[in-house]
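First up is the structure itself, then whatever we jot down about it.
Here is the naming used below: chain letters follow the sequence lines, and residue numbers restart at 1 for every chain.
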Protein chains: 2
Amino acid sequence: MAVTIQEVARAANVSPSTVSNVLNGRDSRMLPETKVRVEQAIAQLGYRPNRAARQLRTGRIQMLGLVVPSVANPFWGTFAQLVESVALRSGFRVLLCNSERDPQREAEYLEELWADGVSSVLLCSSLPSISHVQPFLERGMTIVAFDRTSQLGDPPSLTNVSVDNSLGAQLATSHLLELGHRRLAFVSGRVHSVNRKERLDGFLSTVDRAGIAANEVLVWKDSGSGRAGDLDAAEVGRAAARELLSRPCPPTAFVATNDMFAIGVCAGVRDAGLRVGADVGRSSGSTTSCWPISLSRR
Amino acid sequence: MAVTIQEVARAANVSPSTVSNVLNGRDSRMLPETKVRVEQAIAQLGYRPNRAARQLRTGRIQMLGLVVPSVANPFWGTFAQLVESVALRSGFRVLLCNSERDPQREAEYLEELWADGVSSVLLCSSLPSISHVQPFLERGMTIVAFDRTSQLGDPPSLTNVSVDNSLGAQLATSHLLELGHRRLAFVSGRVHSVNRKERLDGFLSTVDRAGIAANEVLVWKDSGSGRAGDLDAAEVGRAAARELLSRPCPPTAFVATNDMFAIGVCAGVRDAGLRVGADVGRSSGSTTSCWPISLSRR
DNA sequence: GCCTGTTGGTGTATCGTTTTACCGGCGCTC
DNA sequence: GAGCGCCGGTAAAACGATACACCAACAGGC
């Protein structure tokens, strides 16, 4: 059905090996003329190497496993799109895996990917523990963790690419302070990860430096279930905003630990009959999303 | 490195063929005892068939191409997650492809998928013309179009699974009428697809049946660029809402042709200093998303 | 004239699975 | 007792690309 390397070889009057050499850039000791003949044959026949055969022989495959909590979360959706477009430029395909924050599913996906010969994985996991990736690292899988500041118990050989949590929180908080806000609230779920801890610390240190009194700072750390989904996060944010706004001295602005909590907070503010960006968080625009993309790698 | 079928065969004291037969359910004329021996060997060695080899031999591969405009759009993100979870249950992997509403990219993705041996594709395309899929259908690719009511020029052999556009629009419009709204607006981009036309018609026929006067109905059809992205849609919705609300007799409720326009409309309403679900669209909740999932297939 | 090195390639085994053809042994029939 | 069919498998040839070893032809050195 499809064109094979053999047919190309025949058309260019060379051996399949030579075509393979052209394909893989091993053309150092090859007559330029021969190379051109092969390239023309490839173009003319519309030949595309069979990936299955190539993978079977080499063991390598140009595929990237992308493990995210859920691509239904707009943050991860946007992220997935970016990843896919970059991967495409390098000839990589992207296999989508939604872990749903389940350690077992995460491990299962890694197992599947490994069985498929996919040895490059971008793992976005905010699970308290990811000790289940250790065996895969040992088997030689290349795993890069995103958005996970390394924490105790994490495999030491795991590469991390993350945002600068502390700086982000500082920027967000400073922004609100500059707008004149004095009663600030920080909304987060359980502070189970280093990410969240650093964001909270960034917030606290900034209000502290600004000389804001402790009783003007409200910190909401939901103690809900360990494996809260994204919709839960929005619900938590919503409840938090409602509850905080009903207090005697309600906050005039909010910092949320991520987009889903922020979305929830916005809803909660509206529930309270207030307007985001006007009654609450008074600023030039309505809301600001500002975790700075800065890389810490090793 | 990995366990092969040969090793399983040796462990179970049978030939590789027999293991293969067990694997593929061809066990009709096989001693139950033999089958059990093979299964135990598989389990014990943790054997997983090599997909590359299998694909090379059979030409088939358990992979689904998912082509969406952009997974950064929460609608498609949610959709992608659903698709992925269903596919997983059947042992299918999902290859993510963001077409960005570009016919050329769409065709290129199909080409790549075909070259990879992926012959099952779920195509979500609202492009005015998808004649570029015709050659792939002819080559034997199985393509199912989602969210695209068949239109003139579409390949006749293309299977469609779509929402019931007219019913959806009727439900949305009736809902608002029941809440007592009389001045309604319909916000859409260019009505370039049958989908959008049917939604608009559903809206118009419902207000008509309700005896709403023509001058109380506002229809916004942006004439912007042909290949408007999702963010553009939100911007269009926003501008539409602002403009419509500044008129002498502004609408009290909006029906949008899809989520992104609706998000934009919400922003525009807030820009005008009004509250969604209170000043505008007064209802039990704030907004309602209601395209009914009904299948029309052939 | 013999050895060596370089040039420009080619031949062939190999990756792990599926599939088609085939096989020996047994029981049954005529 | 020759022939036939069934039972429970097995042997071996693919699938398409890659990589390693090898080769013929020729030039140059001594």
Side-chain angles (χ1 to χ4, degrees), chain A residues 1-42 45-63 91 112 114-119 140, chain B residues 1-42 45-63 91 112 114-119 140:
Chain A
M1 175 122 297
V3 182
T4 75
I5 204 173
Q6 316 273 349
E7 305 175 40
V8 175
R10 222 167 356 242
N13 212 22
V14 294
S15 77
S17 314
T18 301
V19 178
S20 172
N21 287 334
V22 170
L23 247 44
N24 296 282
R26 276 184 288 277
D27 50 8
S28 55
R29 43 173 70 187
M30 186 182 298
L31 286 184
E33 179 217 322
T34 307
K35 187 181 173 189
V36 168
R37 258 202 348 271
V38 170
E39 282 168 344
Q40 284 179 340
I42 289 176
L45 296 176
Y47 165 72
R48 318 202 58 160
N50 180 317
R51 283 180 171 248
R54 181 176 271 182
Q55 185 195 351
L56 180 58
R57 185 64 241 257
T58 64
R60 272 166 277 132
I61 186 178
Q62 303 259 90
M63 229 181 256
E112 292 279 358
W114 180 254
D116 286 5
V118 178
S119 58
Chain B
M1 176 121 295
V3 181
T4 76
I5 204 173
Q6 315 272 351
E7 306 175 39
V8 176
R10 221 168 355 242
N13 212 22
V14 295
S15 76
S17 318
T18 301
V19 179
S20 172
N21 287 334
V22 170
L23 246 45
N24 295 282
R26 275 185 289 275
D27 50 8
S28 55
R29 44 174 70 185
M30 185 182 299
L31 253 34
E33 178 217 323
T34 308
K35 188 181 173 188
V36 169
R37 258 203 345 270
V38 171
E39 281 169 343
Q40 284 179 341
I42 289 177
L45 297 175
Y47 165 72
R48 318 201 59 159
N50 180 317
R51 282 179 171 249
R54 178 176 274 183
Q55 185 194 351
L56 179 59
R57 183 62 239 253
T58 65
R60 272 166 276 131
I61 186 179
Q62 303 259 92
M63 229 182 254
E112 293 278 358
W114 181 254
D116 286 4
V118 179
S119 57

Discussion item. Taking only side-chain N and O atoms of R26(B), does any of them lie within less than 4.0 angstrom of OP1 or OP2 on dT18(C)?
Written reply: no
Rounded distance in Å - [atom1] ([X]) to [atom2] ([N]):
X: R51(A); N: dC15(D); atom1: CZ; atom2: P; answer: 22 Å
X: I61(B); N: dT17(C); atom1: CD1; atom2: C1'; answer: 14 Å
X: I5(A); N: dA19(D); atom1: CD1; atom2: P; answer: 11 Å
X: D116(A); N: dG16(C); atom1: CG; atom2: C1'; answer: 14 Å
X: L23(B); N: dG16(C); atom1: CG; atom2: P; answer: 15 Å

What are the two closest heavy atoms between [X] and [Y], and how far apart are they?
X: I5(A); Y: Y47(A); value: N-CE1, 3.5 Å
X: A52(A); Y: Q55(B); value: CB-OE1, 3.4 Å
X: V8(B); Y: I42(B); value: CG1-CG1, 3.7 Å
X: W114(B); Y: S119(B); value: CZ3-CB, 4.4 Å
X: E7(A); Y: A2(A); value: OE2-O, 3.8 Å

Which pairs of donor and acceptor atoms, one on a side chain in residues 9-19 of chain A, lie under 3.5 Å apart (sequence neighbours left out)?
residue	atom	partner	partner atom	Å
S15(A)	OG	S17(A)	N	3.4
S15(A)	OG	T18(A)	N	3.4
S15(A)	OG	T18(A)	OG1	3.4

Response to the item:
With B for base contact, S for sugar-phosphate-only contact and - for none (protein heavy atoms under 4.0 Å), nucleotides 22-27 of chain C reads ------
Discussion item. I need a per-nucleotide contact map over nucleotides 6-15 of chain C, read 5' to 3'. Cutoff is protein heavy atoms under 4.0 Å; write B for the base, S for backbone only, - otherwise.
Written reply: -BBSBBBBBB
Worksheet item: Heavy-atom count around R60(A) CZ within 6.0 Å, excluding the residue itself: above 12?
Response: no
Practice prompt. Using a cut-off of 6.0 Å, state whether more than 12 heavy atoms not belonging to R26(A) lie near its atom CZ.
Written response: yes
Worksheet item: Looking across every strand, which nucleic acid part, if any, lies under 4.0 Å from Q55(B) by heavy atom: base, sugar-phosphate, or nothing?
Response: nothing
Discussion item. Once you apply a heavy-atom cut-off of 4.0 Å, does R60(B) come out as touching a base, just sugar-phosphate, or nothing?
Written reply: sugar-phosphate
Discussion item. I'd like to check R51(A) versus I61(B) (side-chain heavy atoms, cut-off strictly below 4.5 Å). Are they in contact?
Written reply: no
